[in-house]
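Input: one structure, supplied below.
Quick caveat: nothing in here was measured; it's all calculated off a predicted structure. If you read the sequence from its start, that first residue is 1, and numbering goes on from there.
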Amino acid sequence: MAARPVDVPALVQSARDGSPRAVARLISLVEDEHPALREVMAALATHAGNAHVVGITGSPGVGKSTSTNALVAAYRERGKRVGILAVDPSSPFSGGALLGDRVRMQDHALDPEVYIRSMASRGHLGGLAWATPQALRVLDAAGCDMVLVETVGVGQSEVEVAGLADTTVVLLAPGMGDGIQAAKAGILEIGDVFVVNKADREGADATVRDLRHMISLGDRKQPGLWRPPVIKTVAARNEGVDEVVEAIDKHTEWLARTGALRDRRVARAGDEIEALVVTALRRRMGNLRHDDSVDRLAAEVVDGSTDPYAAADQVLDALT
């Protein structure tokens with residue numbers, strides 16, 4: 001069935017005027033890979049680049065949604081317009097987001113200056129939906145001052161959010177057993193702000209102490225480098241949230257002062273370009289499989305008449 005035509009200039013203008021319906025429609029075009037998507041991205045390009053993107057990540061159960069809700073309230077008190085992309089696990093049947101209602105964020109559901117969107121990860125292992133970068137651009141161009149990206153929380157693979165955010169907030173909780181192990185395995189390297197949530201539980205001080213010790217062992221002691229703070233919170237009671245906001249502000253200032261903000265955004269745009277190219281190549285690859293070219297080469301590899309590298313070269317020649 002042919003896609004419905006879209007009046008892109010009118011839709012973009014409505015989104016910039018603050019229409020939640022227009023923002024929702026634009027993100028739906030992104031997720032559906034609508035034929036008008038190229039025109040949409042071109043129309044948004046000159047309006048994006050003003051929002052500060054905060055990635056919120058951590059293992060399941062550390063309180064990411066509750067913390068996100070508390071941060072939204074803090075930013076709204078400052079008069080900031082906030083966008084939230086909450087990337088949820090996908091239903092294996094419908095592909096939709098299992099936690100799409102976002103019960104913990106209903107405090108802000110009727111606030112016209114807050115836009116909440118749940119996106120299904122659709123099996124993407126990094127804990128983010130493939131469409132997240134372009135959905136971010138929609139919220140940015142629509143006038144959000146802050147965009148909070150909350151990941152699924154899938155263990156070590158969630159480090160991917162660091163490539164998408166200007167500031168990455170890593171949440172841990174005492175008593176979860178594998179919190180520090182996760183940090184050792186890669187979370188430590190990507191965090192700009194560490195938050196030990198549920199700090200009213202036993203073991204919170206030990207978790208903070210261990211994190212600070214591990215950070216001190218890294219290379220962030222060099223002059224001029226950002227050294228991540230470790231903050232205790234009880235997000236459900238709004239305790240420590242102002243300190244997290246202050247830490248994000250300080251990191252934002254450091255990014256601007258050192259030029260690291262532009263470096264991160266250039267790297268992010270490069271990753272997005274690469275992802276689009278890879279997607280296009282995979283589509284062409286599917287066409288090659290359809291005419292049995294790849295299967296024929298695979299059979300030749302098995303038979304020993306060629307090797308995988310030579311076969312791959314033939315596929316690349318066909319793709320280009």
Side-chain angles (χ1 to χ4, degrees), residues 48-58 62 64 67-68 70-85 128 132-133 136-137 139-140 143-151 158-172 182-184 186-197 199 207-233 235 239-272:
N50 300 308
H52 191 80
V53 180
V54 178
I56 300 173
T57 190
V62 296
K64 292 190 297 297
S67 297
T68 300
L71 284 172
V72 172
Y75 282 121
R76 287 299 298 125
E77 285 182 5
R78 293 178 164 205
K80 302 285 188 183
R81 190 175 186 189
V82 184
I84 306 163
L85 288 180
L128 300 173
T132 305
L136 278 175
R137 188 172 289 107
L139 293 175
D140 186 356
C144 290
D145 301 299
M146 306 293 299
V147 179
L148 309 183
V149 183
E150 181 195 331
T151 68
E158 63 195 335
V159 297
E160 184 177 321
V161 72
L164 195 67
D166 299 320
T167 300
T168 301
V169 178
V170 176
L171 269 68
L172 298 99
K184 287 179 180 176
I187 295 293
L188 187 67
E189 285 77 11
I190 62 112
D192 298 307
V193 177
F194 287 94
V195 175
V196 177
N197 190 33
T207 302
V208 170
R209 185 170 57 249
D210 288 344
L211 270 172
R212 286 177 176 160
H213 175 66
M214 290 166 62
I215 291 169
S216 72
L217 296 177
D219 61 357
R220 305 204 193 192
K221 290 202 236 179
Q222 297 177 25
L225 288 183
W226 173 257
R227 183 163 182 181
V230 182
I231 301 164
K232 291 196 298 184
T233 66
E239 296 175 9
V241 176
D242 288 341
E243 286 83 353
V244 176
V245 171
E246 183 180 347
I248 293 171
D249 286 346
K250 288 181 178 177
H251 184 248
T252 304
E253 293 167 3
W254 176 84
L255 288 170
R257 185 176 70 253
T258 61
L261 180 61
R262 178 169 174 81
D263 292 343
R264 289 192 180 200
R265 291 184 173 180
V266 168
R268 180 164 63 201
D271 290 342
E272 186 178 0

Test of understanding: with salt bridge (charged side-chain N to carboxylate O under 4.0 Å, His left out), list the residues that count as partners of R212, not counting sequence neighbours.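 Checked R212 against salt bridge (charged side-chain N to carboxylate O under 4.0 Å, His left out); zero matches.
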Could you walk me through whether W226 and T258 pass side chain to side chain contact (heavy atoms under 4.5 Å, CB included), step by step? CA-CA 10 Å; W226 173 257; T258 61; over 6 Å; no
Who pairs with D166 by salt bridge (charged side-chain N to carboxylate O under 4.0 Å, His left out), at least two apart in sequence or on another chain?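 Checked D166 against salt bridge (charged side-chain N to carboxylate O under 4.0 Å, His left out); matches are R265, R268.
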Out of curiosity, R81 CZ to M146 CE, how far, rounded to the nearest 0.5 Å?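 Output value for this atom pair is 14.5 Å.
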State which residue, out of L171, V230, V170, fulfils the side chain to side chain contact (heavy atoms under 4.5 Å, CB included) condition with V195.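 Going through L171, V230, V170 one by one, the side chain to side chain contact (heavy atoms under 4.5 Å, CB included) with V195 is satisfied by L171 alone.
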Who pairs with K80 by salt bridge (charged side-chain N to carboxylate O under 4.0 Å, His left out), at least two apart in sequence or on another chain?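 Residues passing salt bridge (charged side-chain N to carboxylate O under 4.0 Å, His left out) with K80: none at all.
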Checking the side chain of N50 only, and the main-chain atoms of D140 only, is there a donor and an acceptor separated by less than 3.5 Å?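 A pair under 3.5 Å: no.
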Can you name the residues that form a side-chain contact (heavy atoms from CB on, under 4.5 Å) with R264, not counting sequence neighbours?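 Only D192, H251, L255 meet the side-chain contact (heavy atoms from CB on, under 4.5 Å) criterion with R264.
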Please find the pair of heavy atoms, one from G79 and one from D145, that lie closest to each other, and give the distance.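 Where G79 meets D145 most closely, the heavy atoms are O-OD2, 4.4 Å.
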If you round to the nearest 0.5 Å, how far is CD of E189 from CD1 of I215?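 It comes to 10.5 Å.
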Smallest separation among heavy atoms of A165 and G55, with atom names: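 Closest pair (atom of A165, atom of G55, distance): CB-N, 3.4 Å.
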Could you please spell out the steps behind the side chain to side chain contact (heavy atoms under 4.5 Å, CB included) verdict for V62 and N197? CA-CA 7 Å; V62 296; N197 190 33; 5.6 Å; no
Residues forming a side-chain contact (heavy atoms from CB on, under 4.5 Å) with E253, sequence neighbours excluded: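 side-chain contact (heavy atoms from CB on, under 4.5 Å) check on E253 returns nothing, list empty.
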Residue pair V54, V193: steps toward the side chain to side chain contact (heavy atoms under 4.5 Å, CB included) verdict: CA-CA 10 Å; V54 178; V193 177; over 6 Å; no
Mind listing the closest non-hydrogen atom pair of C144 and V82 along with its distance?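 Looking at all heavy atoms of both residues, the shortest contact is SG-C, 3.9 Å.
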Determine whether a donor-acceptor pair (N or O, by modelled atom type, separation under 3.5 Å) exists between the side chain of K64 and the backbone of I56.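 Side chain of K64 to backbone of I56: no pair is present.
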What are the two closest non-hydrogen atoms of G191 and P228, and how far apart are they?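 What the structure gives for the nearest pair is O-CG, 3.5 Å.
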Separation of I84 CD1 from L71 CG (nearest 0.5 Å):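 That separation rounds to 9.5 Å.
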Mind checking what makes side chain to side chain donor-acceptor pair (under 3.5 Å) contact with D249, not counting sequence neighbours?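 By the side chain to side chain donor-acceptor pair (under 3.5 Å) rule, D249 matches R78.
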Measuring from D271:CG to L164:CG, what's the distance to the nearest 0.5 Å?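 D271 CG to L164 CG: 9.0 Å, rounded to 0.5 Å.
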If only atom types and distance count, is the side chain of W254 paired as donor or acceptor with the main-chain N or O of G224 below 3.5 Å?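 Flag set: sc W254 to bb G224 pair under 3.5 Å.
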